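Comments concern the structure below.
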Amino acid sequence: MAEAGHLRIGELSRRTGTSVDLLRAWEKRYGLLDPDRSDGGFRLYSDEDVGRVRAMQAHLADGLAAAEAARRALEIGGPEAGGGNLIEQSRRELADAFAGFAEGRANAVLDRLLGALSLDTVLVEVVLPYLHELGEAWARGDASVAQEHFASNFVRGRLFGLGRGWGEGAGPHALLACPPREQHDLGLIAFGLALRNRGWRITYLGQDTPLSTLEQEARELQPDRVVVAASTPERLEDVLADIAKLAQAAPLSLAGVGASPELAAKAGATLLEGDPVSEAERLTRELRAGARSRT
Amino acid sequence: MAEAGHLRIGELSRRTGTSVDLLRAWEKRYGLLDPDRSDGGFRLYSDEDVGRVRAMQAHLADGLAAAEAARRALEIGGPEAGGGNLIEQSRRELADAFAGFAEGRANAVLDRLLGALSLDTVLVEVVLPYLHELGEAWARGDASVAQEHFASNFVRGRLFGLGRGWGEGAGPHALLACPPREQHDLGLIAFGLALRNRGWRITYLGQDTPLSTLEQEARELQPDRVVVAASTPERLEDVLADIAKLAQAAPLSLAGVGASPELAAKAGATLLEGDPVSEAERLTRELRAGARSRT
Amino acid sequence: MAEAGHLRIGELSRRTGTSVDLLRAWEKRYGLLDPDRSDGGFRLYSDEDVGRVRAMQAHLADGLAAAEAARRALEIGGPEAGGGNLIEQSRRELADAFAGFAEGRANAVLDRLLGALSLDTVLVEVVLPYLHELGEAWARGDASVAQEHFASNFVRGRLFGLGRGWGEGAGPHALLACPPREQHDLGLIAFGLALRNRGWRITYLGQDTPLSTLEQEARELQPDRVVVAASTPERLEDVLADIAKLAQAAPLSLAGVGASPELAAKAGATLLEGDPVSEAERLTRELRAGARSRT
DNA sequence: ATAGGTTTTGTCAAGCTTTTGTACAT
DNA sequence: ATGTACAAAAGCTTGACAAAACCTAT
């Protein structure tokens with residue numbers, strides 16, 4: 001590695017959008033950087049340093065004090081270092097367990113993961129990829145329906161277990177549902193968990209919810225955000241007019257493979273196109289920013 | 001327990017719909033309440049007091065004079081005099097909680113029940129009746145779809161939580177599923193739990209399972225019993241030929257409101273017409289008898 | 001983990017939507033928070049604190065007076081205090097709760113764990129390690145007798161609650177007991193639960209059971225396995241002859257720190273030297289293998 | 001039910017300190 | 001490049017205040 005230094009401070013400043021003075025202050029005050037020096041004494045930074053500065057900025061944007069942001073940026077290797085192996089292995093074991101209807105082993109794998117990593121990581125690195133892969137295998141005909149059913153029910157049960165109590169609390173409030181005839185709700189549950197982890201309160205209506213009901217509850221509960229998720233565009237297109245009406249009742253987002261920029265635009269809704277965890281993060285940040293700007 | 005006081009008089013008033021003045025009057029005249037006091041002298045009421053006020057109201061509504069109503073409200077021993085009271089009260093609280101999307105309270109009710117009674121009792125006395133009633137209310141149009149969805153998802157999550165690990169073990173093996181297009185699986189899950197509680201190992205395929213898949217898995221796993229549950233006869237009639245074929249592969253039972261003696265006879269299957277717990281008990285007994293006779 | 005403090009009061013305010021002044025007031029008046037301080041004296045909050053504030057808000061929304069809401073937020077803790085490592089965090093919280101005789105909080109922690117993980121994992125990763133540690137702390141004189149009693153009784157109550165109905169069912173049958181003068185039965189109960197989870201039927205005789213009684217029951221009930229657990233060798237040595245006789249009546253295993261290969265050999269019994277869950281798994285596997293070989 | 005006094009609790013202000021980004025002299 | 005200075009933003013403590021909620025007694 002050792003990536004010898006090569007960037008001078010001006011270039012590092014340009015690349016990271018941080019002033020030269022500030023970079024020096026961070027170095028002095030928090031030891032964030034420890035650049036090589038040219039013969040003449042110029043600081044020479046490596047690519048790793050760019051990463052460190054970016055991490056610092058991310059933590060600042062997250063609201064941490066500069067001192068604390070620096071401390072964290074320095075704690076590299078970070079949370080999931082060495083988790084890579086565990087994750088890779090767990091994915092394989094999980095697929096194996098499902099193939100053999102071995103609930104006990106599947107439970108053990110998830111327990112081990114949850115014990116070692118954060119829920120966000122488990123969702124993003126194992127559960128969601130597995131669901132994705134399962135869908136594809138099923139479409140290809142490589143997975144039996146029984147296997148898909150068994151795995152779905154298993155995962156649904158575990159996710160609901162993790163979500164226990166998510167309907168309580170004082171944070172922002174999200175209302176989650178799938179449109180009529182939509183049965184795939186696992187991604188939506190995962191999204192609910194990611195929101196919960198960020199302080200949201202969740203009301204979950206789930207699979208196959210009529211739009212009229214959804215609109216009525218949106219008016220009544222006045223959630224900070226309504227999210228409708230579908231696995232195919234048809235499910236949304238079929239009720240597009242109702243969705244547009246729903247968007248009048250509360251801030252609305254569309255999610256899932258079935259959502260698209262066009263549909264979202266027509267409905268007057270936001271599109272959530274990333275993975276559940278990133279989108280939960282984004283929604284939370286936006287809400288926080290909105291609250292601040294209104295002050 | 002001794003659940004120290006915590007509600008102030010205003011909140012007690014809001015919760016019971018009785019004016020603050022009247023509450024103080026009842027305390028003074030009949031000694032209906034005997035709240036703790038804060039350092040500054042504020043009255044602090046416990047959850048028990050809420051129950052006592054409710055009892056008082058019930059007696060008043062019943063036509064008793066206030067003095068007499070209070071005497072009786074005090075007599076009833078208090079919180080959960082006898083199991084019957086607990087069950088009755090829990091049912092009401094559960095219905096209340098679902099009506100208000102109050103997940104926390106619903107969890108609290110179930111936790112209390114599970115702490116005090118056996119799983120069988122909780123299923124038979126509270127969960128299954130509630131599901132039944134919910135179905136009827138929904139059919140009558142008295143419950144919103146949202147409420148039904150919310151409650152179903154909540155109950156499904158809790159039941160799966162209770163069944164965690166049910167796929168493992170040394171006991172007899174049951175394979176459970178609903179036929180195509182059937183979405184009501186809560187009763188089937190409850191049945192799985194009742195079986196589990198009697199030592200069975202459960203493989204759960206759930207809603208909307210194609211018969212071809214089911215038959216294939218039945219041949220492969222060789223379960224001691226396959227149970228197919230449906231909420232309307234059509235779901236079963238539509239695939240009657242396949243069900244008959246399935247009955248060749250493994251001992252088969254039909255369950256749910258959609259099952260009938262005629263259908264079972266045509267399919268070559270047993271009928272489970274009682275509640276999940278009794279039928280689980282019966283199946284277990286039969287299996288044991290069968291094992292003995294084969295010896 | 002030790003997730004040191006890192007949020008300053010402004011950010012905590014933004015994240016929870018509570019004014020800075022109010023946060024300080026809650027700290028001063030109710031001791032709701034006890035933040036670290038920067039060198040200069042700024043308050044530094046942890047993720048757990050975010051959870052505590054959220055719990056406080058939830059209770060306020062529920063109508064409790066602020067003083068009472070704070071008391072509960074401290075007792076019962078927050079719903080989901082940040083991601084992190086679930087097991088590590090739960091262990092700490094449990095130890096905390098026991099140290100403060102906070103039954104409500106201990107219950108909340110266990111409920112969350114049981115909802116999120118399988119029983120096996122909760123036993124192996126949290127409950128048993130805690131018992132072990134408590135034993136050591138007590139031996140060192142670091143834990144008071146009162147604390148040890150409180151924790152033991154609490155855990156015993158919860159474990160028996162989980163085992164409710166374990167005497168029923170169709171699976172293999174285990175008879176569990178401790179020898180005379182042995183009072184430590186928590187590990188044995190955990191073992192019973194692990195067996196139950198694998199389909200066994202449990203008859204539990206518990207602490208301080210005379211060998212004569214045990215032998216009589218073994219002859220009468222004809223269990224598939226008898227397990228005797230002791231925390232010191234003396235308890236077993238004192239009745240070794242009787243144990244050997246018991247081994248004639250039914251398949252016998254010795255367990256607990258007091259058991260050893262020598263003792264087992266002398267008694268004609270098997271030794272269970274691993275943790276309860278692994279040994280339950282092993283016994284179940286052996287039983288299944290035995291059943292198959294006899295076919 | 002009203003009147004008159006008390007407690008609780010969220011908010012604010014004043015005066016001082018710490019933290020942190022930026023500026024400037026050497 | 002370095003070291004120092006500076007000012008805005010964010011925090012700290014103490015003390016006070018007023019509205020809401022509650023008290024007793026009539």
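First the proteins, then the strands, lettered A, B, ... as listed; each starts at 1. Everything numeric here is computed off the predicted structure, so don't read it as measured data.
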Mind checking what makes side-chain contact (heavy atoms from CB on, under 4.5 Å) contact with A:R201, not counting sequence neighbours? A:H173
Restricting to nitrogen or oxygen on both sides, can you table the protein-nucleotides 1-6 of chain D pairs closer than 3.5 Å?
none

Could you tell me how far apart [X] ([atom1]) and [N] ([atom2]) are, to the nearest whole angstrom?
X     : N      : atom1 : atom2 : result
C:R14 : E:dG11 : CZ    : C1'   : 13 Å
A:H59 : D:dT20 : NE2   : P     : 15 Å
C:E27 : E:dT14 : CD    : P     : 12 Å
B:R8  : D:dT8  : CZ    : C1'   : 6 Å
C:L23 : E:dT13 : CG    : C1'   : 16 Å
B:E11 : D:dT9  : CD    : P     : 13 Å
B:H6  : E:dC22 : NE2   : P     : 14 Å
C:L22 : E:dT13 : CG    : P     : 16 Å

Just checking B:R24: base, sugar-phosphate only, or nothing, at a heavy-atom cut-off of under 4.0 Å?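 Base contact.
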With a non-hydrogen cut-off below 4.0 angstrom, is A:R37 in contact with a base, only sugar-phosphate, or nothing?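 Sugar-phosphate, backbone atoms only, no base.
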Check: A:T18/A:Q57 side-chain N/O donor and acceptor closer than 3.5 Å: yes
Just checking, any donor-acceptor pair under 3.5 angstrom between side chains of B:Q89 and B:E93? yes
[X] bridged to [Y] by N-O distance under 4.0 Å:
X     : Y     : result
B:R71 : B:E68 : yes
A:R8  : A:E11 : no
A:D34 : A:R52 : no

Under 4.0 angstrom between [X] side-chain N/O and [N] OP1 or OP2:
X     : N      : result
B:R43 : E:dC22 : no
A:W26 : D:dG21 : yes
C:S38 : D:dT18 : no

Side chain of A:K28, heavy atoms from C-beta onward: which of D:dT22, E:dT4, D:dT20 has the nearest atom to it?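 The answer is E:dT4, which lies nearest to the side chain.
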Indicate, yes or no, whether a donor-acceptor pair under 3.5 Å links the base of D:dG21 to the side chain of A:R29.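 For A:R29, whose side chain was compared with the base of D:dG21, there is a donor-acceptor pair (under 3.5 Å).
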B:G41 or C:I9: which one's nearest nucleotide on DNA chain E is closer to the 5' end? C:I9
Between B:D39 and A:S19, name the one whose nearest nucleotide on DNA chain D is closer to the 5' end. B:D39
Using the rule given for side-chain contact (heavy atoms from CB on, under 4.5 Å), can you reason through A:L283 versus A:E279, listing the C-alpha separation, both sets of side-chain angles and the distance that settles it, and then say yes or no? CA-CA 6 Å; A:L283 275 193; A:E279 294 297 345; 5.8 Å; no
